[in-house]
Amino acid sequence: GINAEYMGAENTLGISEQEGAVGKSVDERYYNGLEQTFRDKIEQKTRNGQNADATIKRLFRVFDANGNGRVDRAQFARAIENFGLVMPEKETDGLFRRYKEPSGDYVDYNTLAERVMLV
């Protein structure tokens, strides 16, 4: 019937809700791991007597072309590479989506500093 066709159109990959949830939790664990690596890199780049928040802000500010405290996707990618996190584009996209502001397609690195270093 119509209902079956609708369901088929919605889930063309044949993935059950349970499998989808497992995939999301694997992604979540993966990005949690990336975030920990990001934290480690930040700690390595933190100068004596500085806190990690200041390190994030200092290094992201370099890529913030107009100085508004925000970086777009391309600037974000360059900034995290500068931290020593080199990864495929898909992972960079995932990390960007994790931190981007709900109201726009950018990362506010002051908020990012708070979120990443909140262990």
Side-chain angles (χ1 to χ4, degrees):
I2 294 168
N3 213 8
E5 286 173 35
Y6 175 75
M7 292 298 286
E10 189 176 288
N11 190 355
T12 54
L13 299 175
I15 297 170
S16 72
E17 275 185 43
Q18 186 177 358
E19 287 170 323
V22 167
K24 280 190 185 116
S25 77
V26 168
D27 273 358
E28 189 64 22
R29 280 199 306 273
Y30 177 77
Y31 286 108
N32 286 345
L34 270 183
E35 192 171 76
Q36 184 55 55
T37 303
F38 190 24
R39 259 186 224 112
D40 295 343
K41 299 284 185 184
I42 292 163
E43 295 292 343
Q44 290 166 14
K45 290 195 179 283
T46 298
R47 297 174 180 158
N48 289 340
Q50 257 196 347
N51 67 18
D53 284 14
T55 301
I56 293 174
K57 291 170 188 171
R58 178 173 49 86
L59 290 170
F60 269 89
R61 205 172 293 121
V62 172
F63 298 94
D64 178 10
N66 60 4
N68 65 357
R70 301 172 175 180
V71 288
D72 65 19
R73 163 66 182 77
Q75 294 164 329
F76 177 80
R78 288 196 304 275
I80 62 170
E81 268 185 32
N82 194 42
F83 274 100
L85 272 181
V86 180
M87 63 186 90
E89 206 167 308
K90 181 179 174 233
E91 278 77 9
T92 302
D93 285 343
L95 212 51
F96 180 76
R97 280 194 307 276
R98 184 173 224 191
Y99 298 128
K100 82 178 194 72
E101 295 297 314
S103 58
D105 209 23
Y106 62 87
V107 169
D108 177 317
Y109 53 84
N110 296 300
T111 306
L112 174 77
E114 292 167 17
R115 284 190 57 195
V116 171
M117 298 318 292
L118 213 93
V119 182

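For clarity, every value in this text was computed on a predicted model and none was experimentally measured.
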(request) In sequence, state the C-alpha distance, the side-chain angles, and the governing distance for Lys41 and Ile80, and then conclude on side chain to side chain contact (heavy atoms under 4.5 Å, CB included). (result) CA-CA 9 Å; Lys41 299 284 185 184; Ile80 62 170; over 6 Å; no
(message) Any heavy-atom pair between the side chains of Arg98 and Asn32 that's under 4.5 Å?
(response) yes
(message) Under a 3.5 Å distance rule, please check whether Asp93 uses its side chain to pair with a backbone N or O of Arg97 as donor and acceptor.
(response) no
(request) Verify, without hydrogens or angle tests, whether Glu114 (side chain) and Thr111 (backbone) share a donor-acceptor contact under 3.5 angstrom. (result) no
(request) Quick one: closest heavy-atom pair of Ala77 and Thr92, and the distance? (result) CB-CG2, 3.8 Å
(message) Looking at every non-hydrogen atom in both residues, tell me the closest pair between Ala113 and Ile56 and how far apart they are.
(response) CA-CD1, 3.5 Å
(request) Look at the side chain of Gln75 and the backbone N and O of Asp64, then say whether any donor-acceptor pair between them is shorter than 3.5 Å. (result) no
(request) Write down the atom of Asp108, the atom of Asn110, and the distance for their closest heavy-atom approach. (result) OD1-N, 2.8 Å
(request) State, to 0.1 Å, how close Ala79 and Phe60 come at their nearest heavy-atom pair, and which atoms those are. (result) CB-CE2, 3.4 Å
(message) According to ring pair (Phe, Tyr, Trp, His ring centres under 6.0 Å), does anything in residues 88-108 pair up with another residue at least two apart or in another chain? List the pairs.
(response) Phe76-Phe96
(message) Counting only heavy atoms from other residues, nucleotides and ligands, does the tally under 6.0 Å from CG of Asn48 exceed 12?
(response) no
(request) Check the pair Glu101, Arg70 against side chain to side chain contact (heavy atoms under 4.5 Å, CB included), reporting the backbone distance first and the verdict last. (result) CA-CA 10 Å; Glu101 295 297 314; Arg70 301 172 175 180; over 6 Å; no
(request) Indicate yes or no for a side-chain donor-acceptor contact from Thr37 to the backbone of Gly33 under 3.5 Å, with no hydrogens or angles considered. (result) yes
(message) Do Tyr109 and Arg61 have side chains that approach each other closer than 4.5 Å (heavy atoms only, starting at C-beta)?
(response) yes
(request) Give the intermediate values and the outcome of side-chain hydrogen bond (donor to acceptor under 3.5 Å, both in side chains) for residues Arg39 and Gln36. (result) CA-CA 5 Å; Arg39 259 186 224 112; Gln36 184 55 55; 2.9 Å; yes
(message) Using every non-hydrogen atom in the two residues, find where Met87 and Leu34 come nearest and quote the distance to one decimal.
(response) SD-CD1, 3.9 Å
(message) How long is the straight-line distance from CD of Glu91 back to CG of Asp27, given to the nearest 0.5 Å?
(response) 9.0 Å
(request) Starting from the C-alpha separation in whole Å, work towards a yes-or-no answer on salt bridge (charged side-chain N to carboxylate O under 4.0 Å, His left out) for Asp105 and Arg73. (result) CA-CA 8 Å; Asp105 209 23; Arg73 163 66 182 77; over 6 Å; no
(message) For Tyr31 together with Phe38, are the ring centres under 6.0 Å from each other?
(response) no
